[in-house]
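Comments concern the structure below.
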Amino acid sequence: MLSLFRNAKQHQKIKAKIEILENHNIEFTTQNQHLYNSIQELKTQNKLLINQNTNLRNSLYKLTPQAYLRLIEIHLAEHCNLNCFSCNHFSQLAPKGFPDLNKFEKDMEQLSILTKGMIARFHLMGGEPLLNPNCKDFFAIARKYFPDSAIWLITNGILLEKQSKDFWESCKENKIELHPTKYPIKVNWEFVESQCKEYGIPLIFYDNSQIQKTSYKTILEPQGNLDCFHSFIGCHQANNCTHFKNGKIYPCSVAPNIHYFNSAFNQNLPITPLDSIDIYKAKDYNEILQFLAKPIPFCRFCNLAKWKSIGEWKTSKKDISEYLEL
């Protein structure tokens with residue numbers, strides 16, 4: 001009996017200790033849950049701070065004059081042989097048009113003098129640049145005045161198979177890099193690759209050889225009541241994707257080509273002398289760099305917050321709704 005009593009008492013002690021341990025375990029579990037929740041909250045706050053820091057850095061970059069121009073876009077053709085939805089160059093709305101070769105040389109010479117040849121890269125594009133029958137002459141002029149710059153030919157590739165030997169030799173001689181964009185259309189890329197290999201021409205797909213072009217909707221605000229500053233700092237082209245046309249430099253591709261939109265849809269989104277800088281009036285390179293690091297009046301028409309990807313590439317119906325928020 002005494003033994004049974006002792007065992008029962010010992011059992012009660014053990015049971016009490018187990019209860020204490022279980023209570024401690026519940027407390028630890030609760031504490032762990034609190035710690036986990038705190039860690040998750042800190043991660044969320046950290047992610048938010050990282051995003052805010054990235055946005056601040058991007059804004060600061062746009063508003064800071066660069067040491068030299070990283071990129072200039074130039075149209076070799078205004079029109080295009082594709083009909084892309086909501087093109088932000090408005091090429092599907094543009095009539096047939098090419099730059100004047102003599103004017104192009106004069107402008108490139110002046111640009112070279114003004115910048116001392118310090119421009120990192122040119123994009124010769126459009127529209128579709130290969131619609132221009134004199135591409136090779138534009139290649140030679142660009143290389144003549146900018147011997148150290150990278151020169152990319154941006155094309156949809158449709159007309160590459162039809163190019164003559166002179167075209168490929170000019171690409172080789174003038175060190176032109178071929179940067180096609182892949183659309184969901186039939187192009188003999190094997191032929192293009194073989195030609196580039198034969199002539200030693202770099203072939204690098206604009207995004208990735210495995211990625212096909214998707215459609216993007218460019219949203220404009222015809223009333224022009226948007227805040228220029230916020231449009232500018234939210235723009236992926238601002239102080240980054242500079243456009244050169246008729247002796248003038250613009251901070252984006254929309255402003256210099258908006259007249260095609262105006263003409264097609266009977267609109268009046270005006271361009272003023274304050275929306276570009278004339279290379280024949282700029283006193284030096286620094287004035288150009290300073291100009292590109294600030295909003296232009298036309299920024300009030302671009303609703304950048306609403307620009308969006310709409311998925312698979314689609315053709316344009318040439319309707320104003322492609323540029324409006326519905």
Side-chain angles (χ1 to χ4, degrees), residues 55 58-59 62 73 75 77-97 123 125-128 131 154 156 181 183-185 206-207 211-246 248-276 292 294-326:
N55 291 336
N58 289 340
S59 298
K62 293 178 190 300
E73 297 180 341
H75 280 184
E78 298 302 302
H79 57 305
C80 190
N81 53 359
L82 284 181
N83 183 36
C84 294
F85 176 90
S86 195
C87 174
N88 63 19
H89 289 241
F90 308 101
S91 299
Q92 87 281 26
L93 306 175
K96 181 179 179 179
H123 285 184
M125 54 191 303
E128 171 49 47
L131 290 170
I154 311 296
N156 58 39
T181 301
Y183 289 83
I185 54 177
Y206 194 67
D207 290 314
I211 297 176
Q212 289 191 340
K213 179 73 171 177
T214 56
S215 283
Y216 205 80
K217 184 164 183 176
T218 303
I219 304 293
L220 301 175
E221 176 47 68
Q223 299 302 316
N225 55 11
L226 298 171
D227 182 81
C228 289
F229 176 81
H230 286 101
S231 290
F232 182 80
I233 62 173
C235 180
H236 66 279
Q237 295 190 22
N239 205 3
N240 181 46
C241 237
T242 307
H243 199 88
F244 186 45
K245 194 171 212 172
N246 295 325
K248 295 179 180 178
I249 295 176
Y250 298 80
C252 68
S253 64
V254 178
N257 298 300
I258 195 63
H259 58 286
Y260 297 129
F261 173 88
N262 287 337
S263 178
F265 303 122
N266 193 29
Q267 297 293 305
N268 183 29
L269 280 64
I271 290 294
T272 72
L274 298 176
D275 290 308
S276 63
L292 292 171
K294 62 183 182 181
I296 58 175
F298 187 83
C299 289
R300 71 191 189 277
F301 294 106
C302 280
N303 198 343
L304 274 301
K306 302 293 184 179
W307 287 31
K308 59 184 178 181
S309 173
I310 59 169
E312 291 184 358
W313 178 79
K314 59 190 289 189
T315 56
S316 172
K317 295 181 180 179
K318 299 183 180 179
D319 189 276
I320 194 172
S321 63
E322 296 177 19
Y323 295 97
L324 301 179
E325 183 186 12
L326 300 178

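- In plain terms, the two heavy atoms of Ala77 and Leu131 that are nearest each other are CB-CB, 4.4 Å.
- Using a 4.5 Å cut-off on side-chain heavy atoms (C-beta onward), Asn88 and Gln237 make contact.
- The nearest pair of heavy atoms linking Ser91 to Gly127 is OG-N, 2.8 Å.
- Using modelled atom types, no side-chain atom of Asn257 and backbone atom of Val254 make a donor-acceptor pair closer than 3.5 Å.
- Remark: Phe261 CZ to Ile320 CD1 distance equals 4.0 Å, nearest 0.5 Å.
- By the 4.5 Å heavy-atom criterion applied to side chains, Ile185 and Leu82 are counted as neighbours.
- Side-chain contact check for His243 and His89: no donor-acceptor pair (N or O, by modelled atom type) lies under 3.5 Å.
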Practice prompt. Start with the C-alpha gap between Phe301 and Phe298, add the side-chain angles, then the distance that decides, and say whether ring pair (Phe, Tyr, Trp, His ring centres under 6.0 Å) holds.
Written response: CA-CA 6 Å; Phe301 294 106; Phe298 187 83; 5.2 Å; yes
Item to complete: Begin with the C-alpha distance, continue with both residues' side-chain angles, and end with the deciding distance and a verdict on ring pair (Phe, Tyr, Trp, His ring centres under 6.0 Å) for Phe85 and Tyr216.
Response: CA-CA 7 Å; Phe85 176 90; Tyr216 205 80; over 10 Å; no
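- In this structure, the separation between OG on Ser253 and NE2 on His123 is 12.5 Å, given to the nearest 0.5 Å.
- With hydrogens and angles disregarded, a donor-acceptor distance shorter than 3.5 Å links the side chain of Lys217 to the backbone of Leu324.
- Atom-to-atom distance recorded for Thr181:OG1 and Trp313:CH2 is 12.0 Å, nearest 0.5 angstrom.
- A salt bridge is absent between Lys314 and Glu322; no separation between the charged side-chain nitrogens and carboxylate oxygens falls under 4.0 Å.
- A donor-acceptor pair under 3.5 Å links the side-chain atoms of Asn262 to the main chain of Leu269, judged by distance alone.
- Between the side chains of Asn156 and Asn81, at least one donor N or O sits under 3.5 Å from an acceptor N or O.
- Rounding to the nearest 0.5 Å places OG of Ser276 at 10.5 Å from CG of Leu292.
- The number of heavy-atom neighbours closer than 6.0 Å to NZ of Lys62, taken from other residues, nucleotides and ligands shown, is above 12.
- The two residues Pro297 and Thr272 make their nearest non-hydrogen contact at CG-OG1, 4.2 Å.
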Discussion item. Does Leu93 form a side chain to side chain contact (heavy atoms under 4.5 Å, CB included) with Phe265? I'd like the steps, not just the answer.
Written reply: CA-CA 10 Å; Leu93 306 175; Phe265 303 122; 3.6 Å; yes
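- Looking only at side-chain heavy atoms (C-beta outward), Ile296 and Leu274 stay at 4.5 Å or farther from each other.
- Just one residue in the list Ser86, Cys87, Cys84 forms a side chain to side chain contact (heavy atoms under 4.5 Å, CB included) with Gln92, and that residue is Cys87.
- Residues Gly97 and His79 come closest through the heavy atom pair N-ND1, 3.2 Å.
- Heavy-atom contacts from other residues, nucleotides or ligands closer than 6.0 Å to CG of Asn266 number 12 or fewer.
- For the pair Lys245 and His75, the minimum side-chain heavy-atom distance is below 4.5 Å.
- In this structure the side chain of Ile258 reaches within 4.5 angstrom of the side chain of Leu220, judged on heavy atoms.
- For Lys306, the salt bridge (charged side-chain N to carboxylate O under 4.0 Å, His left out) partners two or more places apart in sequence, or in a different chain, are Glu325.
- Of all the heavy atoms in Cys228 and Pro295, the pair that sits closest is O-CB, 3.8 Å.
- A donor-acceptor contact shorter than 3.5 Å links the side chain of Ser231 to the backbone of Cys302.
- Sorted by first then second residue, the salt bridge (charged side-chain N to carboxylate O under 4.0 Å, His left out) pairs that include residues 221-239, not counting sequence neighbours, number zero.
- Interatomic distance, CZ of Phe90 versus OG of Ser263, reported as 12.5 Å (0.5 Å rounding).
- Note that the SG atom of Cys235 and the NE2 atom of His230 stand 14.5 Å from one another [nearest 0.5 Å].
- At distances below 3.5 Å, at least one donor-acceptor pair connects side-chain atoms of Trp307 with backbone N or O atoms of Ile219.
- Between Glu78 and Pro95, every side-chain heavy-atom pair lies at or beyond the 4.5 Å cut-off.
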